[in-house]
Amino acid sequence: VYFEEIRFQFMLIKDAGLLYLINALANNTKISHIKLIDNFFSENIEPILLQTLNKNTSLVEIAVQGNRLSHSCLAK
């Protein structure tokens, strides 16, 4: 099993930075885990984040705790 993890924890990334990262991950098949804990993501980015993650077949885990995302987004 090929495993690769990216950590962007405590990096003060905002929605625009997450959008750039989402686009880079959209077709990536090598990243299986990504940690985006304690950044500055807001609820405004949720639809794009969820839509992109639903299309990614290799991502097993994404950690987004500590951001300003809704509880319904975190539950998905």
Side-chain angles (χ1 to χ4, degrees):
V1 175
Y2 192 83
F3 172 83
E4 193 167 332
E5 179 178 283
I6 295 178
R7 294 180 187 189
F8 290 107
Q9 298 172 209
F10 314 105
M11 305 269 308
L12 307 178
I13 301 170
K14 297 181 181 175
D15 289 349
L18 180 59
L19 185 57
Y20 182 81
L21 182 61
I22 287 171
N23 287 329
L25 289 173
N27 297 313
N28 187 301
T29 59
K30 297 185 180 194
I31 305 297
S32 59
H33 295 73
I34 186 165
K35 295 191 179 192
L36 301 165
I37 299 168
D38 286 322
N39 286 287
F40 287 116
F41 311 142
S42 72
E43 292 182 11
N44 298 332
I45 199 78
E46 288 179 12
I48 298 167
L49 177 64
L50 292 173
Q51 181 182 26
T52 304
L53 292 176
N54 283 334
K55 292 178 183 176
N56 187 306
T57 59
S58 63
L59 198 57
V60 176
E61 176 190 25
I62 181 168
V64 293
Q65 299 90 337
N67 292 288
R68 295 172 289 164
L69 301 174
S70 70
H71 292 290
S72 63
C73 178
L74 294 174
K76 294 178 181 180

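The figures here come from the full heavy-atom set of this structure, side chains too, leaving out hydrogens, waters and symmetry mates.
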- Starting at OG of Ser32, measure out to CG of Asn56 and round the result to the nearest 0.5 Å.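 These two atoms lie 10.0 Å from each other.
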
- Message: Under a 3.5 Å distance rule, please check whether Asn44 uses its side chain to pair with a backbone N or O of Asp15 as donor and acceptor.
- Response: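 Answer holds: no.
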
- Message: Ignoring hydrogens and geometry beyond distance, is a side-chain donor-acceptor pair present between Ser70 and Glu46 at under 3.5 Å?
- Response: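 Looking only at side-chain atoms, Glu46 and Ser70 do form a donor-acceptor pair, the distance falling under 3.5 Å.
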
- Message: If hydrophobic clusters are built by linking Ile, Leu, Val, Met, Phe, Trp and Tyr wherever their side-chain heavy atoms come under 4.5 Å apart, do Tyr20 and Ile6 end up in the same one?
- Response: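 No, Tyr20 does not connect to Ile6 through the hydrophobic network.
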
- So, do Leu69 and Ile45 sit near enough that their side-chain heavy atoms are less than 4.5 Å apart?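 Side-chain contact under 4.5 Å: yes.
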
- Message: Measuring from atom CG of Leu18 to atom CZ of Phe8, what distance do you get when rounded to the nearest 0.5 angstrom?
- Response: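 Spacing of CG (Leu18) from CZ (Phe8) equals 10.0 Å.
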
- To the nearest 0.5 Å, how far apart are CG in Leu53 and CD1 in Ile48?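 Leu53 atom CG to Ile48 atom CD1 measures 11.5 Å (nearest 0.5 Å).
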
- Query: Between atom CD of Gln65 and atom CG of Asp38, what is the distance when rounded to the nearest 0.5 Å?
  - Reply: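 CG of Asp38 is found 8.5 Å from CD of Gln65.
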
- Task: Drop me the distance from Ile37's CD1 to Arg7's CZ, to the nearest 0.5 angstrom.
- Result: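 So the gap between those two atoms works out to 8.5 Å.
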
- Message: I'd like to check Ile13 versus Phe40 (side-chain heavy atoms, cut-off strictly below 4.5 Å). Are they in contact?
- Response: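 Of all side-chain heavy-atom pairs linking Phe40 with Ile13, none is under 4.5 Å.
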
- Query: Just by distance, do the side chain of Asn67 and the backbone of Lys14 share a donor-acceptor pair under 3.5 Å?
  - Reply: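 Absent.
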
- Message: With clusters defined by side-chain heavy atoms of hydrophobic residues (ILVMFWY) lying less than 4.5 Å apart, directly or transitively, does Leu50 cluster with Ile22?
- Response: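 They do not share one cluster, since no chain of ILVMFWY contacts under 4.5 Å joins Ile22 to Leu50.
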
- Using modelled atom types only, decide if a donor and an acceptor are shared between the side chain of Asn39 and the backbone of Phe41 within a distance under 3.5 Å.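 No; zero donor-acceptor contacts below 3.5 Å.
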
- Message: To the closest 0.5 Å, what do you measure between CG (Leu59) and CD1 (Ile31)?
- Response: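 Between Leu59 CG and Ile31 CD1, I get 8.5 Å after rounding to 0.5 Å.
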
- Item | Any Leu21 side-chain heavy atom under 4.5 Å of Ile34 side chain |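 Side chain of Leu21 against side chain of Ile34, heavy atoms only: contact under 4.5 Å found.
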
- Task: Indicate yes or no for a side-chain donor-acceptor contact from Ser58 to the backbone of Asn28 under 3.5 Å, with no hydrogens or angles considered.
- Result: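 Yes, the answer is positive, given that a donor and an acceptor are paired below the 3.5 Å cut-off.
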
- Message: Measuring only between side-chain heavy atoms, which start at C-beta, is Leu25 closer than 4.5 Å to Thr52?
- Response: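 Not in contact.
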
- Query: Between Glu5 and Lys35, is any pair of side-chain heavy atoms under 4.5 Å apart?
  - Reply: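 The answer is yes, as the side chains (C-beta and beyond) meet within the 4.5 Å cut-off.
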
